Amino acid sequence: MASVEELKKATGYKSVDDHVTSGMVVGLGTGSTAYYAVERLGQKLASGELTDIVAIPTSIRTKEQAESLSIPLVSLDTHPVLDVAIDGADEVDGALNLVKGRGGALLREKMVEVSAKKFVVIVDDTKLVPGLGISGAMPVEVTPFCVDFTVARLLKLESIAGCTAKVRDDGGKPYVTDNDNYIVDLYFTEPIADAVKAGEEISSLVGVVEHGLFLGMTSEVIVAGADGVKPPPLPPSTRRSRSSTAGDDARTCAAPYEGPRMTAAPAPTWMARSSAPPHWAGTPDAASRATAASAAVATASSVPGAASFTATPAMAASVALGSGVPAAAAAVVTYAPAGGAAGPAGVSSLRTATGGCVRLRGLAPATTYAVRVVGLGGEPLGAGRFVTAAAADAPAGAGAPPPAGGDGVPAAAAEAAAAATAAAPPAPLTELSRLEFRVGVIRSVAVHPDADGLYVEEVDVGEAAPRTIVSGLVAYQPAEALDGRRVVVVANLKPRVMRGIASAGMLLCASDGDKGVVEPLSPPDGAAVGDLVTFNGHASAPVAPGNRASKAFDRVVGGLRTNDEGVAVYEAPGGDAPPVPFAVGGGVVVSPSKLIGTVS
């Protein structure tokens with residue numbers, strides 16, 4: 001039987017062999033198992049098997065090991081998006097959520113790993129747990145200032161009630177992290193009941209720097225045990241999806257799984273949304289196509305089965321989970337030209353049965369597309385086809401069905417589609433791609449009960465219930481001017497507790513140069529509540545709500561502004577590319593008063 005050290009080496013080597021290729025930016029983890037992944041990377045660089053690799057270490061000791069192996073190192077400042085990060089974990093639960101940080105490097109680990117397109121976790125089977133927090137400490141990094149005060153506040157949090165806390169000791173004095181902070185170790189007698197709530201409450205405390213709950217971040221887990229190295233035998237139903245849409249790099253990162261799968265929902269009929277402009281409606285039968293005028297019309301939430309799908313003449317499409325999928329479930333959408341035709345293809349993630357939606361953009365005109373929706377365990381949730389309109393003569397209303405012939409697309413249209421594809425390759429994945437900007441409407445607004453300078457708004461963004469959003473618009477807008485107003489919401493930021501009320505989003509507002517005038521941005525009349533705002537040249541692949549989205553917003557907010565016409569635009573750093581407008585519903589998002597200034 002292999003020793004524990006041999007198993008660690010096997011997983012570390014396998015992670016590099018399977019997931020690292022030349023030209024990548026790689027995140028290097030910290031710990032006894034990650035040590036072997038760094039070692040393997042150094043070996044393959046030295047032999048010439050890998051080239052053009054740069055890496056970002058998550059601790060000083062990993063940096064020193066990488067330097068000793070001549071691995072080129074960079075930082076998040078110059079390389080904010082990584083291709084893959086590889087690290088160990090202290091605990092892995094059935095949803096592939098983690099406890100990390102018992103080695104003291106949790107802050108740098110999370111900063112690096114949340115910025116990676118794929119996060120591969122390498123462990124031995126003793127790290128698999130039925131619930132987080134039961135095998136040892138759950139670390140929390142805190143500032144040294146008044147540490148006892150911070151510990152006392154941690155122990156009062158409802159989500160971790162009953163735990164004990166201890167400032168980590170290092171030879172009779174507090175352990176100091178690479179960032180000159182302290183670690184408070186929390187100990188539990190039972191698994192943490194709600195890890196998401198625990199993470200949110202811990203992060204809301206002033207004095208807390210970061211916690212060791214790594215939630216919704218894992219792409220794949222490699223486990224070593226008595227039977228060798230393999231994926232974990234864990235149930236998939238609560239796994240989260242990590243996806244990207246970036247041309248040939250498009251991938252869906254769900255941990256491999258060979259056990260029981262979720263029960264598949266009935267196959268849906270693909271229908272057009274009643275709120276959308278006229279568009280083609282596809283069905284599972286490739287020979288059956290019709291316009292929106294002659295198709296059965298239903299809202300996404302009422303479609304039987306797993307999903308609904310819409311395609312528009314604007315070469316965009318939407319897919320939303322329907323009532324046949326549990327609200328906690330997630331899915332993966334793949335789309336590609338049918339019959340081997342040329343055209344953009346991609347993969348994206350889809351989450352939540354009510355309001356979960358993904359927009360497929362950059363589609364070739366006059367092209368038949370095949371679409372599949374599957375659960376994260378691989379179970380089929382639906383399949384269908386649709387035809388995009390010809391670029392030159394997109395239907396303005398209820399028109400005739402697409403012309404038949406071959407696969408339903410005439411040769412001339414297919415040639416036009418191929419030309420359009422060559423001229424407009426799939427948009428790349430950027431920091432902006434990770435954000436979820438949605439059209440909403442304010443259903444009610446009131447002054448915060450404990451803060452006269454804040455409003456509490458209930459905002460409908462197309463989900464089952466309105467979101468509670470706290471804003472600082474009291475000084476700029478009367479409540480009656482906001483009630484019923486259509487707005488744009490950043491919908492996947494990490495929720496923030498503001499004077500006792502959790503804010504589940506942010507209203508995007510325009511302000512003039514001196515910020516003497518501030519007003520919410522307005523979507524165009526053609527946009528429906530819940531529609532996703534998109535940006536030409538940036539693939540749309542929003543991540544799950546949390547730190548990853550919040551950090552992406554921090555990186556792009558400096559480029560959000562209104563131009564001379566009051567149109568909301570994004571201008572990438574460096575100014576090499578022209579500003580890109582906020583696009584939705586066949587129009588653009590604007591400042592109603594045509595303010596020229598910033599957007600935040």
Side-chain angles (χ1 to χ4, degrees), residues 2-76 79 81-90 92 96 98 100 103 105 108-125 127-128 214 217-225 227-232 242 244 246 248-256:
S3 68
V4 172
E5 205 63 24
E6 289 171 332
L7 293 175
K8 289 180 179 180
K9 183 175 182 178
T11 57
Y13 277 35
K14 179 176 175 59
S15 66
V16 174
D17 292 345
D18 290 355
H19 296 285
V20 180
T21 57
S22 294
M24 281 189 167
V25 181
V26 182
L28 305 179
T30 296
S32 58
T33 307
Y35 173 91
Y36 288 107
V38 179
E39 179 179 85
R40 182 60 166 170
L41 182 62
Q43 290 176 357
K44 299 188 84 167
L45 282 170
S47 69
E49 188 174 347
L50 291 177
T51 60
D52 299 322
I53 294 286
V54 293
I56 302 178
T58 56
S59 68
I60 291 175
R61 62 182 179 272
T62 298
K63 175 178 178 288
E64 292 171 345
Q65 181 193 5
E67 288 175 338
S68 72
L69 297 170
S70 299
I71 298 174
L73 299 181
V74 294
S75 75
L76 290 173
H79 293 72
V81 179
L82 293 77
D83 295 289
V84 64
I86 300 171
D87 204 354
D90 300 305
V92 183
L96 305 192
L98 317 173
K100 287 179 51 58
R108 296 192 187 189
E109 288 174 339
K110 189 172 286 188
M111 288 180 67
V112 170
E113 288 150 11
V114 79
S115 302
K117 297 176 186 176
K118 180 186 289 188
F119 176 31
V120 178
V121 176
I122 47 178
V123 296
D124 62 75
D125 56 11
K127 304 299 177 66
L128 305 182
F214 284 51
M217 293 173 54
T218 307
S219 305
E220 180 175 326
V221 177
I222 301 174
V223 181
D227 297 330
V229 177
K230 59 184 180 180
R242 292 166 54 87
S244 64
D248 291 340
D249 288 335
R251 60 178 68 87
T252 299
C253 307

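Numbering starts at 1 and runs along the sequence shown. The shown structure was predicted, so the numbers you read here are calculated from the model rather than taken from an experiment.
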Please report the C-alpha distance between His19 and Lys14 in whole Å, then the side-chain angles of each, then the deciding distance to 0.1 Å, and finally whether the side chain to side chain contact (heavy atoms under 4.5 Å, CB included) criterion is met.
CA-CA 8 Å; His19 296 285; Lys14 179 176 175 59; over 6 Å; no
What are the two closest non-hydrogen atoms of [X] and [Y], and how far apart are they?
| X | Y | value |
| --- | --- | --- |
| Ile71 | Ala55 | CG2-CB, 3.8 Å |
| Leu50 | Leu45 | O-CD2, 3.4 Å |
| Arg108 | Ile60 | NH1-CG1, 4.1 Å |
| Gly27 | Val112 | CA-CG1, 3.8 Å |
| Met217 | Phe119 | O-CB, 3.5 Å |
| Met24 | Asp83 | CA-OD2, 3.3 Å |

Taking the side chain as every heavy atom from C-beta outward, state whether [X] and [Y] have any atom pair closer than 4.5 Å.
| X | Y | answer |
| --- | --- | --- |
| Val123 | Thr33 | no |
| Leu76 | Ser115 | yes |
| Tyr13 | Ile122 | no |
| Val20 | Ile86 | yes |
| Glu39 | Gln43 | yes |

Other residues, nucleotides and ligands only: do more than 12 of their heavy atoms fall within 6.0 Å of OH on Tyr35?
no
Over 12 non-hydrogen atoms of neighbours within 6.0 angstrom of NZ in Lys127:
yes
Check [Y] with [X], please: is the shortest side-chain N to carboxylate O separation under 4.0 Å?
| X | Y | result |
| --- | --- | --- |
| Lys63 | Glu67 | yes |
| Asp124 | Lys8 | no |
| Arg40 | Asp17 | yes |

Could you please spell out the steps behind the side chain to side chain contact (heavy atoms under 4.5 Å, CB included) verdict for Ile53 and Leu41?
CA-CA 9 Å; Ile53 294 286; Leu41 182 62; 4.2 Å; yes
Pair Val26-Val54, side chain to side chain contact (heavy atoms under 4.5 Å, CB included): steps then yes or no
CA-CA 6 Å; Val26 182; Val54 293; over 6 Å; no
Rounding to 0.5 Å, atoms OG (Ser15) and CD1 (Ile222) come to a distance of 5.5 Å
Roughly how far, to the nearest 0.5 Å, is CG of Leu98 from CD of Glu109?
10.0 Å
So, the side chain of Ser219 versus the backbone of Lys118: is there a donor-acceptor pair under 3.5 Å, distance only?
no
Checking Asp87, Thr30, Thr58 against Lys100 for side chain to side chain donor-acceptor pair (under 3.5 Å), the one that qualifies is Asp87
